[in-house]
Amino acid sequence: MPGFSVTIVILLFVGNSFGANYSFTVDYVKDCFRKDGQEFRYISGSIHYNRIPRVYWKDRLLKMYMAGLNAIQMYIPWNYHEQSPDQYSFSGDRDLEYFLQLAQDIGLLVILRPGPYICGEWDMGGLPAWLLNKRDIVLRSSDPDYIAAVDKWMGKLLPMIKPFLYQNGGPIITVQVENEYGSYFACDYNYLRHLTKLFRSYLGEEVVLFTTDGAQVGYLKCGSIQGLYATVDFGPGGNVTAAFDAQRHAEPHGPLVNSEFYTGWLDHWGKRHSVVASATVAKTLNEILALRANVNLYMFIGGTNFGYWNGANSPYGPQPTSYDYDAPLTEAGDLTPKYFAIREVIKMYHKIPEGPIPPTTPKYAYGAVKMRKLQTVTDAVETLSYSGPVKSMYPLTFIELKQAFGFVLYRTTLSMNCSTPTPLSSPLNGVHDRAYVSVDGVAVGILERDKVIAVNVTGMAGSQVDILVENMGRINYGKYINDFKGLVSNLTLGKDVLTGWTIYSLSIDEAVSQGLLWETEPTSMDTPQPATLSPPAFYGGSFLIPSGIPDLPQDTYIQFPAWRKGQVWINGYNLGRYWPSRGPQMTLFVPASILSTAAPNNVTVLEMEEAPCITGPCTVEFTNSPILNATVQGDHKQMELFRKDNFLP
Ligand SMILES: *[C@@H]1O[C@H](CO)[C@@H](O)[C@H](O)[C@H]1NC(C)=O
Ligand SMILES: *[C@@H]1O[C@H](CO)[C@@H](O)[C@H](O)[C@H]1NC(C)=O
Ligand SMILES: *[C@@H]1O[C@H](CO)[C@@H](O)[C@H](O)[C@H]1NC(C)=O
Ligand SMILES: *[C@@H]1O[C@H](CO)[C@@H](O)[C@H](O)[C@H]1NC(C)=O
Ligand SMILES: *[C@@H]1O[C@H](CO)[C@@H](O)[C@H](O)[C@H]1NC(C)=O
Ligand SMILES: *[C@@H]1O[C@H](CO)[C@@H](O)[C@H](O)[C@H]1NC(C)=O
């Protein structure tokens with residue numbers, strides 16, 4: 001009856017013009033949320049706009065809507081929007097307001113988690129690395145320098161958010177303050193109180209503010225305070241009643257909320273791929289919904305840690321490029337059996353939207369692309385180091401060099417004759433995170449944080465030592481989030497502290513996207529020898545999108561047969577890290593949006609260890625299906641990498 005719905009629309013419109021209609025509140029008597037006065041329960045899914053190219057936001061949100069969700073939950077990573085102090089970015093893939101508007105247009109409410117700390121397996125838990133300019137800053141506490149930075153950021157962000165609050169006609173129903181603060185050592189209630197006041201001052205008294213903590217009374221102790229509605233998070237397979245009992249300990253009344261119900265789990269390089277059975281997820285979801293509880297499925301779609309954005313856990317274990325999470329929608333947004341299993345459960349409680357579900361997007365196998373060697377990092381160092389080197393007696397960290405991500409080259413000389421193998425070591429385990437060591441252009445070994453603290457070197461006094469240090473992602477959880485990168489303590493040769501460094505901050509992303517590495521021919525005239533390890537070097541290749549096939553370009557996956565470890569760019573877009581020699585991730589997701597039909601597509605690879613180019617086919621390969629679960633290789637044994645024949649002629 002069209003006439004009927006027209007009336008409804010008019011009533012809503014009139015209601016809104018008086019500002020009275022839109023309300024979202026906690027009902028402590030009936031133990032539920034109320035939306036516009038009506039009992040309301042959300043079934044939400046997590047999606048991180050920062051892990052999905054903007055062109056796919058709508059497709060992913062529609063698929064979430066069609067699963068029967070009535071809300072999404074999202075983080076805002078501070079470091080994604082303020083990469084250097086006062087330099088804000090909210091456009092393109094960072095267009096937060098556009099994402100919020102899309103969600104609303106599709107019919108999804110929003111549970112917003114603006115941090116300032118977000119965890120999320122994201123570099124430094126979303127905190128900008130430049131906070132470490134103050135060496136001993138206590139992050140996530142009342143430390144005045146931390147608070148000053150938070151106040152400034154929130155002063156920029158929260159006014160942007162305000163028009164999107166439900167009360168103001170937008171999609172945001174609730175806003176989380178901090179994230180799992182009860183798992184952090186500081187237990188600083190003044191900090192939580194400060195954030196509460198700050199959020200209230202920008203967002204008003206009406207909005208429901210909440211906290212999330214692990215479903216144990218111990219976590220809720222430091223995580224929850226008066227004025228913020230306490231919720232819990234827990235995964236499938238456990239005792240749902242017992243988990244909500246923990247929430248009831250902090251909130252005797254009000255709606256039950258699981259803010260992170262895990263549909264899968266995260267991965268680490270060198271550890272098995274995590275999978276959680278659909279049946280287990282479906283069973284526990286059913287139990288949660290049967291209790292009238294609100295739930296957010298974390299993740300509903302994981303997406304990708306493009307570029308350098310992955311985080312790490314401690315002892316140092318970085319997360320891979322894919323954040324697939326074994327979620328109901330894959331990294332590439334594909335529908336899975338888990339998606340349909342969850343939809344069946346939701347159907348038992350809520351009305352599911354009718355109509356077609358957007359289909360899985362097709363993938364295309366563009367095949368093998370021949371690569372050729374460009375320059376080594378050492379050869380290209382003048383091109384890569386825009387600002388020129390810095391001289392320092394002792395090593396400087398990335399932050400001291402004003403560099404956040406990527407790679408820094410540390411150069412010095414052997415301080416003594418090493419005619420027999422002499423240990424070059426980091427006695428304080430200060431290589432953050434991986435160092436590729438070469439002497440006079442010959443690769444001699446790799447130092448790795450928490451794993452390998454010494455390599456043997458040989459050579460004459462005065463030989464050039466190049467140490468390329470890779471930041472593999474900052475720790476995002478726990479006590480050690482003040483994660484400085486580079487050489488964070490001195491290196492020794494034998495018993496001597498190495499001094500007299502020349503340090504090159506490297507702008508590799510800029511050089512790659514400007515095509516600088518392509519234009520220069522290799523300078524070293526060596527005839528390559530098969531080696532177990534070579535100095536880090538760039539490789540390039542290109543491919544055309546075939547013509548005559550409809551609907552190309554399509555999404556694809558790139559894989560690295562017999563390559564070892566590195567970083568890959570296509571047309572200057574940094575896709576992330578590959579590390580097939582460690583696993584479990586073998587393929588990287590390549591969205592069609594970065595491919596061109598108008599020009600050859602340029603693949604640039606920075607291989608850190610050894611490319612297959614002397615001994616076998618020098619190719620990378622584009623395939624149409626992902627492999628995220630290869631058997632992992634145990635940690636490399638140092639001796640395998642150590643070149644025994646590196647006595648110099
Ligand atoms: C689940 O926990 C509740 C509350 O702690 C307890 O009463 C119940 O027996 C538990 N159920 C199972 C199956 O262990
Ligand atoms: C290293 O050895 C060379 C030749 O054996 C010698 O001339 C030089 O003095 C030595 N240098 C140091 C620093 O010991
Ligand atoms: C370095 O060489 C010495 C002597 O050959 C050997 O005992 C030691 O294990 C080697 N150390 C490393 C880290 O390879
Ligand atoms: C390196 O050692 C020197 C001398 O002991 C010391 O002053 C300096 O702080 C150390 N540097 C680092 C980065 O540890
Ligand atoms: C790839 O590089 C070539 C040579 O620099 C350039 O002409 C072409 O436009 C690049 N392709 C794309 C898609 O940017
Ligand atoms: C990886 O996942 C695929 C698809 O689920 C499965 O067929 C395959 O057996 C798995 N491989 C390993 C090594 O677990």
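Order of listing sets the numbers, starting from 1, for every ligand and every atom in it.
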Task: Carboxylate-amine/guanidinium contact Arg51 Glu331, below 4.0 Å - done: no
Open item on the list: Considering non-hydrogen atoms of the protein only, which is the closest contact for atom 4 (C) of ligand 2, and what is the distance?
Closed with: Met460 CE, 4.1 Å
Open item on the list: What I want to find out is whether Lys565 reaches Glu609 closely enough, with some N-O distance under 4.0 Å, to be called a salt bridge.
Closed with: no
TODO: Kindly indicate whether a cation-pi arrangement holds for Arg94 with Phe90, taking the cut-offs as under 6.0 Å to the six-membered ring centre and within 45° of the axis.
DONE: no
Open item on the list: Under 4.0 Å, counting heavy atoms only: does Pro423 come that close to any atom of ligand 3?
Closed with: no
Open item on the list: Only heavy atoms of Pro421, strictly under 4.0 Å: list the atoms of ligand 3 that pass.
Closed with: 2 (O)
- [ ] Select one of side chain, backbone, both or neither to describe which atoms of Pro600 lie under 4.0 Å from any atom of ligand 5, heavy atoms only.
- [x] backbone
Task: Nearest-contact summary for atom 3 (C) of ligand 2 - protein heavy atom, Å - done: Asn417 ND2, 3.5 Å
Open item on the list: So for ligand 5, is Asn601 a polar contact partner (N or O within less than 3.5 Å, distance only)?
Closed with: no
- [ ] Determine yes or no for a side-chain-to-main-chain donor-acceptor pair under 3.5 angstrom, with Gln559 supplying the side chain and Thr587 the backbone.
- [x] no
Open item on the list: Does Arg54 qualify as a cation-pi partner of Tyr49, given the criterion of NZ or CZ under 6.0 Å from the six-membered ring centre and within 45 degrees of its axis?
Closed with: no
- [ ] On the 0 to 90° scale, with breaks at 30° and 60°, tag the Tyr308-Phe407 ring pair as parallel, tilted or perpendicular.
- [x] perpendicular
- [ ] Within a distance under 4.0 Å of any heavy atom of Ala454, pick out the atoms of ligand 3 and give their elements.
- [x] 13 (C)
TODO: Report the relative orientation of the aromatic rings in Trp501 and Tyr410; use parallel for angles under 30°, tilted for 30 to 60°, perpendicular for over 60°.
DONE: perpendicular
TODO: Mark whether atom 14 (O) of ligand 2 lies under 4.0 angstrom from at least one protein heavy atom.
DONE: yes
Open item on the list: Could you tell me, atom by atom, which parts of ligand 2 come under 4.0 Å of a heavy atom of Ala461?
Closed with: 13 (C)
